[in-house]
Amino acid sequence: MAEAHDRPPEKFTLRMRRYDPESGNAPYWDEHTVELEPHRSVLEAVLQAKDRFDGSIGIRCSCRQAICGSCGIRVNGEPALACHTHLDAAKAGARDGVIEIEPMGNMPVLKDLIVDMDAVHWKKIQRVTPWLLAKQPVPEREYIVSKDSMVDVTQTMACIQCGACVSDCLAMEVDPGFIGPAALAKAYRFVGDPRDDEPFERLNDLAQDPQGLFDCTHCFKCVQACPKDVNPMGQIMRLRRIATADHKIVDQNNGARHEAAFASLIENNGILWEAELIPRSYGGNSWFGKFAPAAGKELVASIPTAIRGLLRGKMTIPKILKPHKIPSQDLKAVRSIYERIESRPERYELNLYIAGEDEAPAAVAAGVASEAAGNQADPATEGSAQ
Amino acid sequence: MKVAYWPGCVSRGFTPELHGSMAKVAPLLDIELVELDRACCTGAGVIAEHNQELADTLNARTFALAQQVEGAAMMMNICSTCQGAQSECQERLDANSEYRAHVNSTLAGEGLSYDLDPARPLTNKNFLWLLVEEIGLDALRAKVRRPLTNLKVGPFYGCYIVRPRERLGIDAEHPRDHYLEQVIDALGGTVIEYAGMRKCCGFPIITMNKEASLKQAGRHLGDAVDADADCLVTPCPLCHLNLDLQQPVAAGVVGRELNMPVLHLPQLVGLALGLEPKDLGLARHIVRPTSVIDWSVSVVASAAA
């Protein structure tokens, strides 16, 4: 790193998306070339452009050390904290050598790189009752909880409210009312807190909301976007598990039924039986699910799709009526895995955030893997083995 | 090369043309497929959502079966979602020996074990990664008998194979999130970039919020239409369900005509290697590529095809 800091200033060109809604003019692109050491941040570059060339450039910032969460923007189309992105890395990731800088997505632009966090992000955070509803009676001194359970919630407490995950959420892109990754991660912070008194009410509220817990489209965008490793989607999946398995919440959005149907179709057949998944997700997790009114309605609506599939030979009547199964010996083994794991009094869940990783086990495996593939210096195998 | 081949569920269910076309293409690329027909579904993220240990154990069982395939260089899948779901489980299993031992104790009943044993390492690659990293683009280019000249192809990756980058081994040296473009180019086609190429098809929420689900599919297909693509190509059969099987409904949801054919990756490769559209199951698609693309014009024969 010392070497990077020794490098002399270089020229970096920024292509910035500019917009002032109050002007009545359309957004436009603006280019400025700044001169800074390559290890300096994109934020410093924007501020230099503002200082030297155009004082009207709008950007929000404060701490300049990735703690306050004010300077969330998009760099080359990807979400980032401006203060936490080095210029050399940004330039390397640029399509044509020019660093592209835009405001975050999914939120209205107030000016240039400043978006309205109040209108979207903070409204959604407020929606999840973001404070502790203390278990009664409140102890005279402190609550005593296990260390692991507190380490667990610190992952969501690491959120700096920068909005990067909200900016990139693909469910919110088509369904702006979706509560979104930041708020759901915040919800886990309290559902996962052993001192909280109302996890059921919190979960039931989010599960029954059509734009709540089960509206997440599982795209990993928030996991990738988060500069603080909060893993919002991972928290959403845990909220779902706790809602359905621990609190037996059956939501009106088919979330719990879909999960139950999927799990039992694999238990019964080893591989998925698509034709049966849909009626069960709507009507209930049994063969009779298809006769429930909600399933009937969906099945009728699906008739044109089914007919098209049948006409093309994509689907066949036997495939719709009968599942494809793995060999019976193997199915037996799969069922006994289910039986053993699902009968545990408590779910056994490895949380790498708490447990950490063994010392470089993946590197050992990967090194050997690439050797076996006859390509010793191939870090790709390392990646896939991680 | 010999691979332990995990075809997934949907490629044997509602997208049979995917499994079929992979079987046809493999010999042309000297890939020997040893099918893991004893393995079960990866859980597609849903079983992990239901019970993480269950998903990890079921996938560890598949990994153990793959390790038993004599002479296999690695495990191969043809589904972005399988790749992502398996990579997630493998990440946990490989990271923690205590957990691995715990999971293996469940598999012991069947006499199976997933090990980081140096003699039996497990590398699991989607066909797309295997094409670029093991076969190589130059070798692929040399095998092309019918270049996809003038065919404008838009890539559609599927979320599970591009995020999170670290888990999936994507870095500057291995730009796996750009491999589809590289393959299209090697096959002689023209890459069409469009807004939705690395976004979500919406399939995971089709039973929870159908409108939001199909809005995603419809929007990306519409973006591809606007970018003037002739067709899309995807390594994910679940994306294919939303992008092709549901396309007429998605068109209704977004209120525009789409009519965008979506090819499975082995189909696109097969066409360039000289196989016939019909043999690759192209007639089985809802939006028939055969009727939209005039193969005799767009796919120009070069060698003695």
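By convention in this document, chain letters (A, B, ...) are assigned in the order of the sequence lines, proteins followed by strands, and residues within each chain are numbered from 1. Note that the structure is predicted; figures quoted are calculated from it, not measured.
Checked against ring-ring contact (aromatic ring centres under 6.0 Å, His included), B/His285 has the following partners two or more places apart in sequence or in another chain: B/His240, B/His264. Not a single ring-ring contact (aromatic ring centres under 6.0 Å, His included) links A/Tyr338 to another residue, sequence neighbours left out. For the side-chain hydrogen bond (donor to acceptor under 3.5 Å, both in side chains) test, residues two or more places apart in sequence or in another chain that qualify with A/Arg280 are A/Glu276, A/Asn285.
B/Tyr114 and B/Gln90 share a side-chain donor-acceptor pair at under 3.5 Å. No hydrogens or angles considered: a donor-acceptor pair under 3.5 Å links the side chains of A/Gln235 and A/Arg238. Judged purely by distance below 3.5 Å, without hydrogens or angles, the side chains of B/His220 and B/Asp223 never pair a donor atom with an acceptor atom. A donor atom on one side chain and an acceptor atom on the other are not found under 3.5 Å apart for B/Glu53 and B/Thr57.
Rounding to the nearest 0.5 angstrom, the gap separating the CG atom in B/Asn209 from the CG atom in A/Asp215 is 4.5 Å. Here B/Ile47 contributes atom CD1 and B/Leu54 contributes atom CG; the two are 5.5 Å apart, rounded to the nearest 0.5 Å.
For chain B, the nearby parts of A/Lys314 are the backbone and the side chain; heavy atoms of each come within less than 4.5 Å. Contact of A/Arg347 with chain B is made through the side chain alone, with heavy-atom distances under 4.5 Å. Both the backbone and the side chain of A/Leu272 come within less than 4.5 Å of a heavy atom in chain B. For chain A, the nearby parts of B/Ala212 are the backbone and the side chain; heavy atoms of each come within less than 4.5 Å. Contacts between B/Ala55 and chain A at a heavy-atom distance below 4.5 Å are absent for every atom of the residue. Of the two parts of B/Glu110, only the side chain, counted from C-beta on, holds a non-hydrogen atom closer than 4.5 Å to a non-hydrogen atom of chain A. Using a 4.5 Å cut-off between heavy atoms, A/Ala256 does not touch chain B at all. Within the 4.5 angstrom heavy-atom criterion, only backbone atoms of B/Ala39 (N, CA, C, O) approach chain A. Interface residue A/Ser281: only side-chain heavy atoms are found under 4.5 Å from chain B. In this structure, chain B has a heavy atom under 4.5 Å from the side chain of A/Ile266, while its backbone stays farther away. For A/Glu298, the part lying under 4.5 angstrom from a heavy atom of chain B is the side chain only. Interface remark: A/Arg344 contributes side-chain atoms only to the contact with chain B (heavy atom separation under 4.5 Å). B/Asp56 does not touch chain A: none of its heavy atoms, backbone or side chain, sits under 4.5 Å away. Both the backbone and the side chain of A/Arg308 come within contact range of chain B, with heavy atoms under 4.5 Å apart. B/Arg38 touches chain A through backbone and side chain together, each having a heavy atom under 4.5 Å away. For a residue to count as touching a neighbouring chain, one of its non-hydrogen atoms must lie under 4.5 Å from one of that chain's; by this rule A/Gln224 touches chain B with the side chain only. Contact of B/Asp37 with chain A is made through the backbone alone, with heavy-atom distances under 4.5 Å. In this structure, the portions of B/Glu49 lying under 4.5 Å from any heavy atom of chain A include both its backbone and its side chain. In this structure, no portion of A/Lys332 lies under 4.5 Å from any heavy atom of chain B.
Taking the side chain as every heavy atom from C-beta outward, A/Phe178 and A/Cys169 approach each other to under 4.5 Å. You'll find the side chain of B/Trp129 stays beyond 4.5 Å of the side chain of B/Met76, heavy atoms only. The shortest side-chain heavy-atom distance between A/Phe214 and A/His258 does not fall under the 4.5 Å cut-off.
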Would you sort out whether B/Phe203 and A/His218 count as a ring-ring contact (aromatic ring centres under 6.0 Å, His included), showing the intermediate values? CA-CA 9 Å; B/Phe203 184 74; A/His218 224 273; over 10 Å; no

Report the C-alpha separation of B/Glu88 and B/Gln52 in whole Å, then their side-chain angles, then the decisive distance to 0.1 Å, and conclude whether the side chain to side chain contact (heavy atoms under 4.5 Å, CB included) test is met. CA-CA 10 Å; B/Glu88 184 180 336; B/Gln52 191 182 284; 5.6 Å; no

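Of the candidates B/Asn124, B/Asn126, B/Thr42, B/Gln86 forms a side chain to side chain donor-acceptor pair (under 3.5 Å) with just one, namely B/Asn124.
Between A/Tyr348 and B/His102, the ring centre distance stays below 6.0 Å.
Residues of residues 59-67 of chain B placed with any heavy atom under 4.5 Å of a heavy atom in chain A are listed by number as B/Arg61.
Most heavy-atom pairs under 4.5 Å with chain B, from the set A/Val223, A/Ile326, A/Thr217, A/Leu170: that is A/Thr217. Highest contact tally toward chain A, considering only B/Gln246, B/Glu211, B/Lys210, B/Arg198, is held by B/Lys210 [criterion: heavy-atom pairs under 4.5 Å]. Of the listed residues (A/Glu274, A/Met315, A/Met237, A/Lys319), the greatest number of heavy-atom pairs within a distance under 4.5 Å of chain B belongs to A/Glu274. When each of A/Leu265, A/Ile278, A/Ile337, A/Asp251 is scored by its heavy-atom pairs under 4.5 Å with chain B, the top score falls to A/Ile337. Across A/Asn254, A/Thr316, A/Leu352, A/Leu350, the residue that shares the most heavy-atom pairs under 4.5 angstrom with chain B is A/Leu350.
By the 4.0 Å N-to-carboxylate-O rule, A/Arg95 lies close enough to B/Glu193 to be salt-bridged with it. Salt bridge A/Asp175/B/Lys215: absent, no basic N to carboxylate O contact under 4.0 Å.
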